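Numbers restart at 1 for each chain; the letters A, B, ... are given by sequence-line order, proteins then strands. Worth saying up front: this structure is predicted, and the values here are computed from it rather than measured.
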Protein chains: 2
Amino acid sequence: MASVRKTDKRIEDEALVETPDLEEFIGYNLKRAYVIVQSDFRRTLGEDGFAPRVFSALSLVVQYPNVTSSGLARMLGIERSGLVAIVDELEGRGLLKRTNVPGDRRVQALVPTTKGKTAYAEARAAVRAHEDKLLSNLSDDEKATLMSLLGKIRATEA
Amino acid sequence: MASVRKTDKRIEDEALVETPDLEEFIGYNLKRAYVIVQSDFRRTLGEDGFAPRVFSALSLVVQYPNVTSSGLARMLGIERSGLVAIVDELEGRGLLKRTNVPGDRRVQALVPTTKGKTAYAEARAAVRAHEDKLLSNLSDDEKATLMSLLGKIRATEA
DNA sequence: ATAAACTGTTTACTAGATTAACAATATGAG
DNA sequence: CTCATATTGTTAATCTAGTAAACAGTTTAT
């Protein structure tokens with residue numbers, strides 16, 4: 001009876017420990033990979049280069065000229081309030097303009113300047129170079145697969 | 001001649017705009033996916049549950065009992081200073097102990113308590129449930145592929 | 001007409017992280 | 001052995017990215 005209890009306890013302990021391997025979690029791997037890519041992005045674009053989120057915002061403003069702040073925040077998945085500083089920076093650098101929209105005096109359309117479009121084209125090239133170099137151990141097929149799988153995760157969003 | 005210049009300029013403009021699609025970048029997709037997984041993690045584990053980084057730290061302490069703070073920080077890829085608050089929290093909750101190491105009075109070995117091991121086993125189940133549910137639109141094969149591709153990115157790290 | 005909703009913004013706050021400095025301790029070269 | 005160098009855990013200051021709540025101005029819908 002005592003030996004049975006002991007056996008039971010040993011089994012419980014083993015079950016408790018059962019391969020506590022962090023590496024099995026997708027979230028953990030996602031974060032580690034994200035940190036690597038993000039920090040290489042910053043390193044490559046340099047001190048005065050765009051931060052990732054600023055690059056993203058500029059990209060969308062170039063792609064969707066006249067997008068509103070609300071719309072842009074929605075596209076980026078952040079709060080309107082959080083976007084203000086980003087747009088301030090881009091406007092301060094002369095890369096976009098906040099313009100009035102006739103017919104709705106609440107909203108401001110964000111319009112890229114010529115300088116903004118040029119700066120974006122350059123930055124895009126730099127970002128492509130950064131990803132190409134950093135991810136050179138992934139084949140094009142692998143990159144496409146990764147994009148598709150990340151897309152599946154993104155598709156889960158409410 | 002003037003018309004030739006005009007044509008050239010039009011071509012330049014088009015080249016400038018050339019599909020400025022944020023979605024083509026792996027970094028952007030990685031971040032968006034990471035945000036979704038991370039926020040579902042928090043939502044699932046709840047107000048009083050572990051934050052992702054605390055869960056990760058506890059996992060490694062359970063897997064590597066007697067790991068030092070420095071070693072743990074290295075494994076997590078963060079600074080030693082940043083780990084202090086995490087270990088404080090885990091020790092405050094009674095889930096691990098900072099213990100002296102005979103032979104080196106600088107270091108403290110981090111040892112999980114029984115309570116810590118139990119709490120980790122429960123949390124691990126919750127995290128697995130969160131990932132299983134959130135990522136239910138990915139097959140096991142797809143999850144394995146994703147892990148392997150994220151592993152390739154992680155392998156690029158210095 | 002008036003309640004409800006939306007827009008851009010400010011302010012205050014939080015989380016997660018880094019850097020620089022520090023005292024205590026250990027290690028290695030001469 | 002000694003002394004320069006390195007390591008450990010920690011604090012303090014700082015930074016970035018983000019949220020939440022409130023607000024005035026404006027629009028929409030009942």
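Summarising the geometry, the separation between CZ on B/R53 and C1' on D/dA17 is reported as 14 Å, rounded to the nearest angstrom. Atom P of nucleotide D/dG18 and atom CD1 of B/I36 are separated by 14 Å, given to the nearest angstrom. Atoms CZ (B/F41) and P (C/dG16) sit 11 Å apart, rounded to a whole Å. Atom CG in B/D88 sits about 13 Å away from atom P in D/dG9, given to the nearest Å. Rounded to whole Å, the distance from CG on A/L76 to P on C/dG8 is 13 Å. B/Q108 has its CD atom 16 Å from the C1' atom of C/dA26, to the nearest Å. In this structure, A/I78 atom CD1 and C/dT9 atom P are separated by 13 Å, rounded to whole Å. What separates OH of A/Y34 from P of D/dA17 is a distance of 8 Å, to the nearest Å.
Residue contacts for A/S69: at a heavy-atom cut-off of 4.0 Å it reaches the sugar-phosphate backbone alone, with no base atom in range. Contacts of B/E79 with the nucleic acid, taken as non-hydrogen atoms under 4.0 Å apart, include base atoms.
Listed pair A/R105 / D/dG25 fails the phosphate criterion, with no side-chain N or O lying under 4.0 Å from OP1 or OP2. In terms of phosphate contacts, B/R80 brings no side-chain nitrogen or oxygen within less than 4.0 Å of OP1 or OP2 of C/dA21. Residue A/R98 places at least one side-chain N or O closer than 4.0 Å to OP1 or OP2 of C/dT9. Remark: B/R42 is not in phosphate contact with C/dA15, judged by side-chain N or O atoms under 4.0 Å from OP1 or OP2. Proximity of B/S70 to the phosphate of D/dG9: a side-chain N or O atom is located under 4.0 Å from OP1 or OP2. Note on A/Q38: every side-chain N or O is 4.0 Å or more away from OP1 and OP2 of D/dA17.
Between A/F55 and B/F25, the angle of the ring planes goes over 60°, which puts this pair in the perpendicular group of the 30/60° scheme.
For a distance-only test at 3.5 Å, the side chain of B/S81 qualifies as a donor-acceptor partner of the base of C/dT19. Looking at B/R106, its side chain comes within 3.5 Å of the base of D/dT7 through a donor and an acceptor atom.
Along DNA chain D, the nucleotide nearest to A/G82 and the one nearest to B/V84 differ in position, and the one closer to the 5' end is contacted by B/V84.
Residue-environment remark: NZ (A/K97) stays at or below the threshold of 12 foreign heavy atoms within 6.0 Å.
Of the listed residues (A/K31, A/R32, A/E24), just one forms a side chain to side chain donor-acceptor pair (under 3.5 Å) with A/Y28, and that residue is A/R32.
Annotation: side chain of A/R105 is not in contact with side chain of A/N100 (no heavy-atom distance under 4.5 Å).
Residues B/E142 and B/L138 approach most closely at OE1-CA, 3.2 Å, considering heavy atoms.
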